[in-house]
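Below is one structure, written out as structure tokens; comments come after it.
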Amino acid sequence: MALTPDQQAEIAAARAVTAETARPTVPALEALLFHATPVLDHGFIRVIDYMGDDAAIVQAARVSYGRGTRRVSEDAGLIRYLMRHRHSTPFEMCEIKFHVKLPIFVARQWIRHRTANVNEYSARYSILDREFYIPAPAQLAAQSTVNRQGRGDVLEGEEAARVLHLLHDDATRAYDHYVDMLNENPDGTPRDPAKQGLARELARMNLTLNTYTQWYWKIDLHNLFHFLSLRADAHAQYEIRVYAEAMIEAVRAWVPIAAQAFEDYRLGAVTLSAQMLAVVQRMLAGEAVEQKASGLSAREWRELMAVLGR
Ligand SMILES: Cc1cc2nc3c(=O)[nH]c(=O)nc-3n(C[C@H](O)[C@H](O)[C@H](O)COP(=O)(O)OP(=O)(O)OC[C@H]3O[C@@H](n4cnc5c(N)ncnc54)[C@H](O)[C@@H]3O)c2cc1C
């Protein structure tokens, strides 16, 4: 992640301005505010703003006049109860806004989450930076043979080197042609004064999907937990998972009690179907259950055994 000196100065200036407020603030999140947490090779997340805290969840749940808090243990108990029983609206009272820099192919997965407010960097209006995601060697994996949506063993040697070369070469060439078609230098002057240059909204179609884009992304805590439960999960693609993991760190600083409840009752929890529960009950009663007589498909059986660590 290379923030320019100008960008760093803007962040420092934003951090230097403080204001008195009667609204609740969270010192641990204030300490993170505006700072860029690096993700992947050129990406980042930054918390830009937030509303509410753990107490706001309690306050909304109790529809109280004051801060709504009682003893910390009672508040934690209530938040954990709300999370356990999917009483979700009190979590919607908290909101957070991120600035995210991410490769376009990650953005395409991310944008499927419809409950956020998004404003993306305009490549009709501005020129995208010459920055491409190139996976670290440990992430350069083959197609999984058991999971069509997953990765297998890591590529090695000459094959890995060739793939890295192709990724870099194609992205660079496409970007060079993008700039060529725009006919524009970084300072806005034409590269060739005799040419008009293609419109930015058209030239961008030539870029590779590993080119970085940026957006502001605002979401309430309930829907953020939903996003994180899908994207911080082991089944999510690595390149979006690392963003989700960085966001969880921010959420821990912001609403530590709700974040713990989320990790306990959602992220670290499993859902068993009625048939799976019946199998577990039969096992607990001492019965040696086989897949064929379990009522589960072979795949469901494998998933259950993985959950049970058998
Ligand atoms: C591991 C993984 C693999 C995936 N593979 C694919 C794939 O192969 N192809 C593909 O197209 N997508 C794929 N997706 C995307 C997935 O299908 C969802 O689009 C994405 O995860 C967003 O989930 P969501 O709709 O629950 O989230 P959000 O859009 O954030 O919505 C949150 C919740 O709000 C409600 N909601 C929002 N909008 C509506 C609506 N219009 N109508 C009704 N309820 C609504 C729903 O309850 C929803 O769960 C994949 C996702 C994951 C995590």
Side-chain angles (χ1 to χ4, degrees), residues 39-40 43 45 47-52 57 60 82-100 102-120 133 135 138-154 208-210 213-251 254-255 258-259 261-273 276 297-307:
V39 185
L40 300 178
I45 64 151
V47 178
I48 299 301
D49 204 356
Y50 66 99
M51 179 175 79
I57 301 165
L82 297 172
M83 180 68 71
R84 220 165 42 245
H85 294 280
R86 296 180 184 274
H87 181 175
S88 52
T89 42
F91 296 100
E92 293 174 18
M93 301 299 158
C94 296
E95 295 217 346
I96 192 162
K97 180 161 64 185
F98 290 98
H99 176 186
V100 188
L102 68 175
I104 292 171
F105 74 93
V106 176
R108 201 161 149 180
Q109 292 189 336
W110 196 311
I111 202 71
R112 299 300 303 280
H113 295 270
R114 297 158 288 178
T115 47
N117 304 109
V118 190
N119 193 66
E120 188 173 4
Y133 168 61
Q139 295 307 326
L140 216 57
Q143 175 61 45
S144 165
T145 50
V146 288
N147 177 359
R148 285 187 202 187
Q149 280 203 338
R151 299 182 185 181
D153 293 336
V154 173
T208 48
L209 290 181
N210 59 350
T213 184
Q214 302 184 36
W215 58 36
Y216 266 41
W217 194 76
K218 180 171 74 68
I219 194 162
D220 68 56
L221 185 59
H222 165 62
N223 284 298
L224 177 58
F225 281 148
H226 178 69
F227 173 86
L228 295 174
S229 69
L230 292 170
R231 301 304 181 175
D233 184 85
H235 295 93
Q237 176 168 349
Y238 167 81
E239 282 77 13
I240 194 165
R241 201 168 68 232
V242 285
Y243 282 91
E245 286 166 357
M247 291 165 102
I248 286 180
E249 284 301 318
V251 175
W254 174 33
V255 282
F262 165 69
E263 291 184 58
D264 292 343
Y265 297 121
R266 301 280 295 283
L267 200 58
V270 291
T271 302
L272 298 186
S273 67
M276 285 173 166
S297 69
R299 187 168 186 174
E300 283 177 302
W301 178 262
R302 274 201 308 278
E303 287 171 6
L304 178 61
M305 292 305 115
V307 162

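Note that ligands are numbered from 1 as they come in the structure, with each ligand's atoms numbered from 1 the same way.
Side-chain contact check for Gln109 and Gln237: at least one donor-acceptor pair (N or O, by modelled atom type) lies under 3.5 Å. No hydrogens or angles considered: nothing links the side chains of Ser273 and Glu300 as a donor-acceptor pair under 3.5 Å. One side chain, His235 or Asp233, offers a donor N or O that lies under 3.5 Å from an acceptor on the other.
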Begin with the C-alpha distance, continue with both residues' side-chain angles, and end with the deciding distance and a verdict on ring-ring contact (aromatic ring centres under 6.0 Å, His included) for Trp217 and Tyr243. CA-CA 13 Å; Trp217 194 76; Tyr243 282 91; over 10 Å; no
Does the pair Trp215 and Phe98 meet the rule for a ring-ring contact (aromatic ring centres under 6.0 Å, His included), with working shown? CA-CA 8 Å; Trp215 58 36; Phe98 290 98; over 10 Å; no
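The closest non-hydrogen atom to atom 25 (O) of ligand 1, taken over Gln109, Arg114, Arg108, Arg241, comes from Arg114. Between atom 21 (O) of ligand 1 and the options Ile219, Asn223, Leu230, the minimum heavy-atom separation is to Leu230.
Against a heavy-atom cut-off of under 4.0 Å, His226 is close to the following atoms of ligand 1: 24 (P), 26 (O), 27 (O), 32 (C), 49 (O). The ligand atoms of ligand 1 that sit less than 4.0 angstrom from a heavy atom of Arg112 are 10 (C), 11 (O), 12 (N), 19 (O), 22 (C), 29 (O). For ligand 1, the atoms sitting less than 4.0 Å from at least one non-hydrogen atom of His235 are 1 (C), numbered in the order shown with element in parentheses.
Using a 4.0 angstrom heavy-atom cutoff, Arg231 counts as in contact with ligand 1.
If you look at Gln237 next to ligand 1, there are no close heavy atoms at all, none under 4.0 Å.
Distance alone, capped at 3.5 Å, is enough to place a donor-acceptor pair between the Asn210 side chain and the Tyr133 backbone.
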